[in-house]
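Right, one structure below, let's go through it.
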Amino acid sequence: MRSYQRFAYVSLAVLAVGLGGCQGYVKKADFDAAIGELRANQQKQQQEIDSLTQQMQQHFAQYDAKIAELNGRIRVDTVSHFAFNDATLRDQDKPLLDDFAKIMSKNYPQAVITVEGFTDPAGGAAFNRRLGRKRADAVRDYLVNNGGMSADQIRTVSYGKEADRQVLKGKSGDAGEPNRRVSLVVDFAGAQTQAPATSQSPAAPQG
């Protein structure tokens with residue numbers, strides 16, 4: 001069930017109590033109006049998510065990043081990889097982050113983003129949680145300091161070396177680079193400030 005659907009049902013329950021008041025019942029017209037408003041909000045939020053997903057798929061086609069919509073959220077996986085036991089953002093990963101920041105700042109300034117940090121399985125769990133956090137923080141700081149995004153709209157979380165989050169289970173060292181990564185999740189898109197640009201064929205990468 002989508003997160004905004006859960007919110008809608010909770011809101012509906014609260015609304016029903018409010019409309020009922022001391023009478024102990026809700027008028028059908030009021031109830032139907034409330035249902036209609038909640039459904040309209042759900043549809044609007046879904047349209048915003050769909051529009052943002054389409055824009056990202058068009059803009060990020062040249063990058064090695066998978067974009068998926070899941071439970072009312074958009075996951076951009078994977079935006080950055082890291083050297084072993086390191087949290088330094090690589091230059092080759094910055095163009096995608098630049099494009100991400102442009103899309104969000106220009107069209108979705110109210111969006112809420114989670115930056116997820118991961119490690120390979122080498123080392124202890126506590127160490128890897130800290131390392132994953134440093135990697136997520138590095139990406140967040142870049143989006144804020146270089147991409148112009150607001151720090152208030154971006155949070156970071158570390159999954160460290162959690163087995164069910166590893167791209168290549170049990171791989172570390174050179175073979176484990178896919179596990180040493182950061183992903184971006186759009187938890188909430190918010191209202192779009194302007195209509196998306198007309199779809200065009202992506203321009204050839206410039207040297």
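In this structure, CG on Leu131 lies 6.0 Å from CG on Asn85, to the nearest 0.5 angstrom.
Using a 3.5 Å distance cut-off with no hydrogens or angles, the side chains of Asn128 and Tyr159 do not pair a donor with an acceptor. Counted by atom type alone, Ser80 and Arg90 present zero donor-acceptor pairs between their side chains at under 3.5 Å.
What you find for Ile113 and Asp187 is that their closest heavy atoms are C-OD2, 3.9 Å. Heavy-atom minimum distance, Ser183 versus Arg75: CB-NH1, 3.9 Å. Shown here for Ala136 and Val157, the closest heavy-atom pair between the two residues is CB-O, 4.0 Å. Nearest heavy-atom pair across Lys134 and Ala87 is CB-CB, 3.7 Å. In terms of heavy-atom proximity, Gly173 sits nearest to Asp120 at N-OD2, 3.7 Å. Taking all atoms of both residues into account, the shortest heavy-atom contact from Gln166 to Pro121 is NE2-CB, 3.7 Å.
Contact check for Leu184 versus Val139: side-chain heavy atoms found under the 4.5 Å cut-off. In this structure the side chain of Phe82 never reaches within 4.5 angstrom of the side chain of Asp93, judged on heavy atoms.
Salt bridge absent: Lys66 and Asp77 never bring a charged side-chain N and a carboxylate O closer than 4.0 Å.
Side-chain N or O atoms of Asn179 include one that pairs as donor or acceptor with a backbone N or O of Lys171 at under 3.5 Å. At least one donor-acceptor pair under 3.5 Å links the side chain of Thr119 to the backbone N or O of Gly160. Using modelled atom types, no side-chain atom of Arg129 and backbone atom of Ser158 make a donor-acceptor pair closer than 3.5 Å. Formation of a donor-acceptor pair under 3.5 Å by the Arg135 side chain with backbone atoms of Asp86 is found in this model.
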Working for salt bridge (Lys or Arg N to Asp or Glu O under 4.0 Å), residues Arg140 and Asp137: CA-CA 5 Å; Arg140 178 204 56 198; Asp137 287 347; 3.7 Å; yes

For Asp174 and Phe84, run side-chain contact (heavy atoms from CB on, under 4.5 Å): C-alpha distance rounded to whole Å, both residues' side-chain angles, the deciding distance at 0.1 Å, then the answer. CA-CA 8 Å; Asp174 292 342; Phe84 184 78; over 6 Å; no

Distance-only criterion, 3.5 Å: show the donor-acceptor pairs between side-chain atoms of residues 144-152 and protein atoms not counting sequence neighbours.
| from | atom 1 | to | atom 2 | distance (Å) |
| --- | --- | --- | --- | --- |
| Asn145 | ND2 | Asp141 | O | 3.1 |
| Ser150 | OG | Asp152 | N | 3.2 |

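Val115 and Val167 fall into different hydrophobic clusters, where Ile, Leu, Val, Met, Phe, Trp and Tyr are joined by side-chain heavy atoms under 4.5 Å apart, directly or via other members. In terms of hydrophobic clustering, with Ile, Leu, Val, Met, Phe, Trp and Tyr side chains grouped at heavy-atom distances under 4.5 Å, Val185 and Val112 are assigned to different clusters.
Both cation-pi conditions hold for Arg181 and Phe118: the charged atom is under 6.0 angstrom from the six-membered ring centre and inside a 45 degree cone around its axis.
For Lys94, the NZ atom sits in a packed shell: over 12 heavy atoms of surrounding residues, nucleotides or ligands are nearer than 6.0 Å.
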